[in-house]
Amino acid sequence: DLRKFRKVGKEKRKEMTTMQTEYRREINQNYLIICQSDEEEIDHFQSKMLMTQKWNHLAACTENVINGKNVFYYDINSIISLPGYYGARKMRKDDIVRLIRQLEEAIEELSEYLMDEGNILFAPEYIYFDMGKKEYRFIYYPESQHDNRSAGERITPLLDFILEKTDDGDSEATELI
């Protein structure tokens with residue numbers, strides 16, 4: 001039964017969201033803004049690649065330097081975060097498969113440009129869905145010394161979210177999980 005695991009996952013996600021972020025609306029644009037903290041070092045190669053390439057599954061991003069800190073502006077116009085989209089709805093098998101496939105495509109695309117896939121933010125609030133295109137957009141934060149957790153530990157918030165939001169009535173989805 002998936003329900004007994006859902007509460008634990010929700011508590012873990014709350015512990016892992018300590019980045020300096022804010023949301024801003026300017027004229028006709030919405031941004032997720034991530035500001036470099038004192039402890040973080042930005043990988044300038046990855047930052048430059050993030051800004052100059054057209055990515056299929058990453059949110060478009062611009063960078064400014066304010067008071068010596070790198071500030072990343074992610075374009076989240078016309079897309080909605082996973083918790084926003086799945087707030088009152090459940091994930092069915094097709095939703096889960098689409099999310100995993102597009103995450104895999106994003107990782108493959110990053111590897112083509114020698115980018116560190118460990119810099120994808122896996123917390124559900126940093127994964128967005130374009131309802132019109134039925135595509136996911138991931139936030140890539142080019143920190144050079146990201147946490148020392150294993151890949152499995154880093155993706156845990158997303159897996160917990162999927163587990164929590166899986167439609168118990170969709171037997172294919174529960175079998176997939």
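Computation of the quantities below employed the complete heavy-atom set of this structure, encompassing side-chain atoms and omitting hydrogens, waters and symmetry-equivalent molecules.
For the pair Ile120 and Ile139, the minimum side-chain heavy-atom distance is 4.5 Å or more. Here the side chains of Asp116 and Tyr140 are in contact, with some heavy-atom distance below 4.5 Å. When side chains are defined from C-beta on, Ile33 does not count as touching Thr21, because their heavy atoms never get closer than 4.5 Å. Residues Leu32 and Tyr126 meet the side-chain proximity criterion, which asks for heavy atoms closer than 4.5 Å. The closest side-chain heavy-atom distance from Thr166 to Ile162 is below 4.5 Å.
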Which side-chain N or O atoms in residues 77-84 pair as donor and acceptor under 3.5 Å with protein atoms at least two apart or in another chain?
| unit_1 | atom_1 | unit_2 | atom_2 | d |
| --- | --- | --- | --- | --- |
| Asn77 | OD1 | Asn30 | N | 3.3 |
| Asn77 | OD1 | Asn30 | ND2 | 3.0 |
| Asn77 | ND2 | Asn28 | O | 3.2 |
| Ser81 | OG | Gly84 | N | 3.2 |

Side-chain donor-acceptor distances from residues 96-104 under 3.5 Å, at least two apart:
| unit_1 | atom_1 | unit_2 | atom_2 | d |
| --- | --- | --- | --- | --- |
| Gln102 | OE1 | Tyr136 | N | 2.6 |
| Gln102 | NE2 | Lys134 | O | 3.4 |

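What you find for Gly87 and Lys165 is that their closest heavy atoms are O-NZ, 3.1 Å. Contact record, Ala123 with Pro157: CA-CB, 4.0 Å, taken as the closest heavy-atom pair. Among all heavy-atom pairs drawn from Ser47 and Pro142, the shortest one is N-CB, 3.7 Å.
Put simply, NZ on Lys90 and CD on Glu164 are 7.0 Å apart, with the number rounded to the nearest 0.5 Å. In this structure, CG on Leu110 lies 8.5 Å from CD on Gln46, to the nearest 0.5 angstrom. The distance from atom SG of Cys61 to atom CD1 of Ile76, rounded to the nearest 0.5 Å, is 12.0 Å. To the nearest 0.5 Å, atom OG1 of residue Thr62 and atom CG of residue Asn64 are 6.0 Å apart. Distance check: Leu58 CG to Arg137 CZ gives 8.5 Å after rounding to the nearest 0.5 Å. The CG atom of Leu159 sits 9.0 Å away from atom CZ of Phe122, with the distance rounded to the nearest 0.5 Å.
With sequence neighbours excluded, no residue forms a side-chain contact (heavy atoms from CB on, under 4.5 Å) with Ser111. In this view, Tyr74 satisfies the side-chain hydrogen bond (donor to acceptor under 3.5 Å, both in side chains) rule with no residue, not counting sequence neighbours. With sequence neighbours excluded, the residues forming a side-chain hydrogen bond (donor to acceptor under 3.5 Å, both in side chains) with Glu109 are Asn56, listed by chain and number. By the side-chain contact (heavy atoms from CB on, under 4.5 Å) test, Lys54 pairs with no residue at all, sequence neighbours left out. Annotation: ring-ring contact (aromatic ring centres under 6.0 Å, His included) contacts of Tyr73 (sequence neighbours excluded): Tyr31. In this structure, Tyr128 has no ring-ring contact (aromatic ring centres under 6.0 Å, His included) partners at least two apart in sequence or on a different chain.
Ion pair Asp170/Lys93 not flagged as a salt bridge, since none of the NZ, NE, NH1 or NH2 atoms sits closer than 4.0 Å to an Asp/Glu carboxylate oxygen.
Side-chain rings of Tyr141 and Phe72 approach one another, their centers coming within less than 6.0 Å.
Evaluation of the ring pair (Phe, Tyr, Trp, His ring centres under 6.0 Å) test over residues 82-113, restricted to residues two or more places apart or in two chains, returns Trp55-Tyr113, Tyr85-Phe129. Screening residues 59-78 for salt bridge (charged side-chain N to carboxylate O under 4.0 Å, His left out), with sequence neighbours left out, gives Asp38-Lys69. Sorted by first then second residue, the salt bridge (charged side-chain N to carboxylate O under 4.0 Å, His left out) pairs that include residues 19-33, not counting sequence neighbours, are Glu22-Arg24, Arg24-Glu26.
Side chains of Glu143 and Asn119: no donor on one and acceptor on the other come within 3.5 Å.
Residues near Ile27 contribute nothing to a hydrophobic cluster around it, because no ILVMFWY side-chain heavy atom sits closer than 4.5 Å to its side chain.
Looking at Thr52, its side chain does come within 3.5 Å of a backbone N or O of Lys48 through a donor-acceptor pair. In terms of modelled atom types and a separation under 3.5 Å, the side chain of Gln53 and the main chain of Leu50 share no donor-acceptor contact.
Both Met91 and Met131 are assigned to one and the same hydrophobic cluster, defined by single-linkage of ILVMFWY side chains at heavy-atom distances under 4.5 Å. Under a hydrophobic-cluster definition in which Ile, Leu, Val, Met, Phe, Trp and Tyr are linked whenever side-chain heavy atoms come within less than 4.5 Å, directly or via other members, Ile34 and Val65 are assigned to different clusters.
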